[in-house]
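This report concerns only the one structure given below.
Note: hydrogens, waters and symmetry copies are ignored here, and every other heavy atom, side chains too, is used.
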Amino acid sequence: MSKKVLLLKKGGILLPLHHRQKVSHGGTLSIQSVQRAADEGEYSCVVRSVDGDTATGTTFVSVVVSPVIDQHFFRESNTVDEGARTKLVCIVTKGDPPLRFHWLKNGLPFLAHGDTTVQTTEDSSIVTFKKVTSADRGLYSCVATNVASSANMTMQLIVNGNFQ
């Protein structure tokens, strides 16, 4: 017995509505370049048999925006003199909360210690070095995560000074 699959969205309008939506022969809906305003909402699938039997399933699709780290504040490198103060600033300009931040140094988890602190708010995380030492040299990565995905950027901290 053959079945016909119909996908419906908001008020019973048959999909696809536009070029970003594609419905496969098996009834799978694919949406390219997802947009919250256009694509979030209630979707229904109606299966009707040749005999006229009908089954319907409905679900709400939420669109979550992935985090984007602002490149303006997160430079490729930061050169400081030994003993100076500096900050590594990671600001997320797009992305739905809640956001989680963590830092890596040379690819390993970074934990604040001594004269170094990490301060995190709803949309940013700042590593503050009160007195930079040669041991602080390295590659620092900020990783911002939400339920959609993660974003990361890496900066090299270069420390000038007399190292023995």
Side-chain angles (χ1 to χ4, degrees), residues 7 9-10 15-24 26-43 45 57-164:
L7 293 175
K9 177 184 177 185
K10 292 182 186 171
L15 299 179
L17 291 173
H18 45 71
H19 69 280
R20 293 184 306 104
Q21 296 176 341
K22 293 190 178 9
V23 180
S24 73
T28 300
L29 172 65
S30 299
I31 303 174
Q32 296 178 342
S33 303
V34 174
Q35 301 167 7
R36 177 178 280 155
D39 301 319
E40 187 169 84
E42 193 171 86
Y43 287 78
C45 175
T58 301
T59 191
F60 188 87
V61 174
S62 296
V63 176
V64 182
V65 177
S66 299
V68 175
I69 298 172
D70 190 339
Q71 294 179 7
H72 176 74
F73 291 101
F74 208 91
R75 300 169 296 195
E76 286 184 27
S77 67
N78 185 7
T79 303
V80 296
D81 292 331
E82 186 175 23
R85 289 185 300 273
T86 194
K87 294 182 181 200
L88 309 182
V89 179
C90 182
I91 297 175
V92 172
T93 54
K94 294 180 184 171
D96 287 333
L99 295 167
R100 290 187 324 274
F101 291 88
H102 70 274
W103 289 87
L104 303 174
K105 179 182 177 188
N106 299 323
L108 300 172
F110 173 75
L111 301 173
H113 60 283
D115 286 335
T116 305
T117 60
V118 177
Q119 192 174 26
T120 300
T121 66
E122 181 179 302
D123 61 358
S124 67
S125 185
I126 301 170
V127 177
T128 301
F129 297 88
K130 293 179 185 162
K131 189 175 181 183
V132 176
T133 69
S134 62
D136 296 321
R137 291 182 290 190
L139 295 173
Y140 289 83
S141 300
C142 172
V143 182
T145 305
N146 68 6
V147 295
S149 69
S150 293
N152 68 75
M153 293 193 77
T154 300
M155 170 190 298
Q156 181 176 13
L157 181 62
I158 301 167
V159 179
N160 291 330
N162 284 333
F163 306 128
Q164 311 271 345

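The shortest non-hydrogen separation linking Gln21 to Tyr43 is NE2-OH, 4.5 Å. Nearest heavy-atom pair across Lys22 and His19 is NZ-O, 3.5 Å. Shortest non-hydrogen contact noted between Asp81 and Val159 is C-CG1, 4.5 Å.
Listed by chain and number, the residues in a side-chain contact (heavy atoms from CB on, under 4.5 Å) with Lys87 are Val89, Ile126, Thr128 (sequence neighbours excluded). Considering only residues two or more places apart in sequence or on other chains, Arg20 meets the salt bridge (Lys or Arg N to Asp or Glu O under 4.0 Å) condition with Asp39. Taking the side-chain contact (heavy atoms from CB on, under 4.5 Å) definition, one finds that Ser77 meets it with Gln156, Ile158, sequence neighbours left out.
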Donor-acceptor pairs under 3.5 angstrom involving side-chain atoms of residues 146-155: please list them, not counting sequence neighbours.
from	atom 1	to	atom 2	distance (Å)
Asn146	OD1	Ala148	N	2.9
Asn146	OD1	Ser149	N	3.2
Asn146	ND2	Val65	O	2.7
Asn146	ND2	Asp96	O	2.9
Ser149	OG	Ser66	OG	2.9
Ser150	OG	Thr145	OG1	2.8
Thr154	OG1	Ser141	OG	2.6

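The distance from the CZ atom of Arg137 to the CG atom of Asn160 is 10.0 Å, given to the nearest 0.5 Å. Distance check: Ser124 OG to Asp70 CG gives 11.0 Å after rounding to the nearest 0.5 Å. Rounding to the nearest 0.5 Å places CD of Gln35 at 12.5 Å from CD of Glu40. Residue Phe74 holds its CZ atom at 11.0 Å from CD1 of Ile91, rounded to the nearest 0.5 Å. One finds the NE2 atom of His18 at 8.0 Å from the CG atom of Leu15 (value rounded to the nearest 0.5 Å). For the atom pair Leu157 CG and Leu88 CG, the distance stands at 6.0 Å (nearest 0.5 Å).
Each side chain to side chain donor-acceptor pair (under 3.5 Å) pair with one or both residues in residues 102-117, not counting sequence neighbours, appears once here: Trp103-Ser125. Among pairs with a residue in residues 117-152, those fulfilling ring-ring contact (aromatic ring centres under 6.0 Å, His included) read Phe110-Tyr140, Phe129-Tyr140, at least two apart in sequence or across chains.
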